Engineer: 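What follows is a structure written as structure tokens; I'll ask about it next.
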There are 2 protein chains.
Amino acid sequence: MTGDRRPGRPRSEATRRAILAAAIDELTERGYAQLSVEGIAARAGAGKQTIYRWWPSKADVVLDAMLDEAASLIAVPDEGSLAADLAGFLVDTFRQRGQRPVLVGLMAEALLDPVFAVQFRDRFLFGRRDALRTVLARAADRGEIAADVDPEMLLDIVFGVLWYRLLLDHAPLDEEAGRQLATLVVRAAR
Amino acid sequence: MTGDRRPGRPRSEATRRAILAAAIDELTERGYAQLSVEGIAARAGAGKQTIYRWWPSKADVVLDAMLDEAASLIAVPDEGSLAADLAGFLVDTFRQRGQRPVLVGLMAEALLDPVFAVQFRDRFLFGRRDALRTVLARAADRGEIAADVDPEMLLDIVFGVLWYRLLLDHAPLDEEAGRQLATLVVRAAR
DNA sequence: TCAATTCGATACGAACCGTCTCGATACTAA
DNA sequence: TTAGTATCGAGACGGTTCGTATCGAATTGA
């Protein structure tokens, strides 16, 4: 790779991190609706153009920031049974506190901007989906999933409940809920 | 009631309908992200102030428009079995075509504006949720739902999958999907 | 030394926001 | 008929954010 051997001033890693941190801070303090590129630049001590040079939109900044700090902690449990794996996956997912404002903001942006929606799906949503798909495939090999059950529908049930509760905030998203959901999915799969 | 016996020029029903229709037309033609109060007013041949006098935000206009034309077609099937009732409810729901842009726009707005989120939940989401809760209550009376199963979690499974597929648009939301989901829920409930 | 590139900063036009004002219109009450 | 009241369409207004363009300074490789 000759990527970082080009002439000219190199990209500032310090500024990059300052922008990502400023985006998360602004988002959690004032909410996604109040988030602006100008606000991020001001808090980061950077120019607007520096942001637009590297990210197509503020949503991409937030997505990068989240992926950076989450470091893709997609654990793929393998406890030997679908019930244990599912419960582990859900409890592990629900344990991540304080991410709701970020996730809700990213989803809102994805609903409004089809271009960003692709980024959001490919770089975040489908990653976690693939992890759970692996879990289901192992369960199918063990005969825990009936032949007439579409694994994709099971995936949609798990992530559907997860996102529905996250977005509406009408019911808890805790370990108890995780165990409940895991039990029902195991039963549905037969 | 003396409500429509006040002094002064009465509210124009024609203008009200023109605004609601203009909102839906603008939304479906250009998308929710491009929807503006100025655009609605221009297309409706109305003044901006006329919109702001009756609705707090553009999202409330869209919500009113949708509730107006949908006329709250919340059917509560009663076929004698949970399987049949669920399949009926889902197939009936999925049959409503062309509503995706409207629903996605309303959800996006609800995620960004907590005040509107309350309107959205109370005037739309909870209405359909109540209908399905009635279906589940009857099934419970018939002994089709195990005692250890929380009906609220079953509701979240149904609406979770519905909204997850609607928002992400990664899998079909057709009658086949409805039957599949109904089968799984019946199994989960035992 | 020189060309290339990024940096922070700021100016710019465009769009839309929500408020306000205007004269015209349509209704009630006296 | 007249006075009072509320709505109507239209548009001006200041404010905010957008995304682009431009500036001189800073930092690199050749």
Side-chain angles (χ1 to χ4, degrees), chain A residues 1-23 25-27 29-62 64 105 108-109 112-116 119, chain B residues 1-23 25-27 29-62 64 105 108-109 112-116 119:
Chain A
M1 296 284 266
T2 60
D4 50 350
R5 288 295 188 156
R6 291 178 310 161
R9 181 175 177 172
R11 178 176 183 181
S12 164
E13 174 64 17
T15 294
R16 179 187 148 272
R17 279 201 306 265
I19 290 171
L20 295 183
D25 290 346
E26 285 276 303
L27 171 50
E29 278 181 24
R30 323 203 312 151
Y32 192 84
Q34 310 302 325
L35 189 65
S36 71
V37 175
E38 314 218 36
I40 297 173
R43 182 189 278 248
K48 276 172 61 176
Q49 192 61 271
T50 303
I51 295 181
Y52 281 111
R53 192 185 336 266
W54 301 107
W55 292 277
S57 78
K58 64 181 181 184
D60 293 87
V61 178
V62 176
D64 259 17
E109 189 71 41
L112 296 175
D113 178 359
V115 175
F116 175 71
Q119 296 294 315
Chain B
M1 297 284 268
T2 60
D4 49 352
R5 290 294 190 154
R6 292 178 310 162
R9 181 175 178 171
R11 178 177 184 181
S12 164
E13 174 63 16
T15 294
R16 180 187 148 273
R17 279 201 304 265
I19 290 172
L20 295 183
D25 290 346
E26 285 276 304
L27 171 50
E29 277 182 25
R30 319 202 315 150
Y32 192 84
Q34 311 301 325
L35 189 66
S36 70
V37 175
E38 314 220 18
I40 297 173
R43 181 188 277 249
K48 278 172 61 176
Q49 190 62 276
T50 303
I51 296 181
Y52 281 112
R53 184 176 296 118
W54 301 108
W55 293 277
S57 77
K58 64 181 182 183
D60 293 87
V61 178
V62 175
D64 259 17
E109 189 70 43
L112 297 175
D113 178 0
V115 174
F116 174 71
Q119 296 294 317

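Just so you know, these numbers use all the heavy atoms, side chains as well, and skip hydrogens, waters and symmetry mates. Everything quoted here is computed from the prediction, not taken from an experiment.
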Engineer: Starting at atom CG of Leu112(A), determine the distance to atom C1' of dT17(D), rounded to an integer number of angstrom.
Structural biologist: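 Spelled out: CG on Leu112(A) to C1' on dT17(D) is 16 Å.
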Engineer: Considering non-hydrogen atoms only, spot the tightest contact between Ile51(A) and Val37(A) and give its length.
Structural biologist: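 In terms of heavy atoms, the two residues are closest at CD1-O, 3.9 Å.
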Engineer: Would you mind reading off the distance between Asp113(B) atom CG and dG18(C) atom C1', rounded to a whole angstrom?
Structural biologist: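 My rounded result for the distance is 14 Å.
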Engineer: Where along nucleotides 3-9 of chain D does protein come under 4.0 Å, by heavy atom, of base (B) or sugar-phosphate alone (S), with - for untouched nucleotides?
Structural biologist: -BBBBBS
Engineer: Would you verify whether the NZ or CZ of Lys58(B) falls within 45 degrees of the ring axis of Tyr32(B) while also being under 6.0 Å from that six-membered ring's centre?
Structural biologist: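 Geometry flag: set, cation within 6.0 Å and 45°.
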Engineer: To the nearest Å, how far apart are Ile40(B) CD1 and dA15(C) P?
Structural biologist: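 One finds 18 Å between P of dA15(C) and CD1 of Ile40(B), rounded.
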Engineer: In this structure, how many angstroms lie between the P atom of dC20(C) and the OH atom of Tyr52(B), rounded?
Structural biologist: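 Taking OH of Tyr52(B) and P of dC20(C), I get 13 Å after rounding.
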Engineer: State which residues pass side chain to side chain donor-acceptor pair (under 3.5 Å) with Glu26(A); sequence neighbours excluded, sorted by chain then number.
Structural biologist: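 Side chain to side chain donor-acceptor pair (under 3.5 Å) list for Glu26(A), sorted by chain: Arg43(A).
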Engineer: The criterion is side chain to side chain donor-acceptor pair (under 3.5 Å); which residues satisfy it with Thr15(A), sequence neighbours excluded?
Structural biologist: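 Counting only residues at least two positions away or on another chain, Thr15(A) forms a side chain to side chain donor-acceptor pair (under 3.5 Å) with Ser12(A).
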Engineer: Can you say whether a donor on the side chain of Lys48(B) sits under 3.5 Å from an acceptor on the base of dG11(D), or the other way round?
Structural biologist: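 Counting by modelled atom types and ignoring angles, no donor-acceptor contact under 3.5 Å is found here.
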Engineer: How long is the line joining CZ of Arg30(B) and C1' of dA15(C), in whole Å?
Structural biologist: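 Rounding to the nearest Å, CZ of Arg30(B) and C1' of dA15(C) are 11 Å apart.
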Engineer: Tell me whether the guanidinium CZ or amine NZ of Arg16(A) lies under 6.0 angstrom from the six-membered ring centre of Trp54(A) and within 45° of its axis.
Structural biologist: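 So Arg16(A) doesn't make the cation-pi contact.
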Engineer: Could you check how far CD of Gln34(A) sits from P of dC18(D), rounded to whole Å?
Structural biologist: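 About 11 Å, once rounded to whole Å.
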Engineer: Roughly how many Å is it from CD in Glu38(B) to P in dA10(D), rounded to a whole number?
Structural biologist: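 Distance check: Glu38(B) CD to dA10(D) P gives 13 Å.
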Engineer: Whole Å only: how far is the CD1 atom of Ile51(A) from the P atom of dC7(C)?
Structural biologist: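 Rounded to whole Å, this separation is 11 Å.
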Engineer: Please report the shortest heavy-atom distance between Ile40(B) and Ala22(B), naming the atom on each side.
Structural biologist: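 Smallest heavy-atom distance, with atoms named: O-CB, 3.7 Å.
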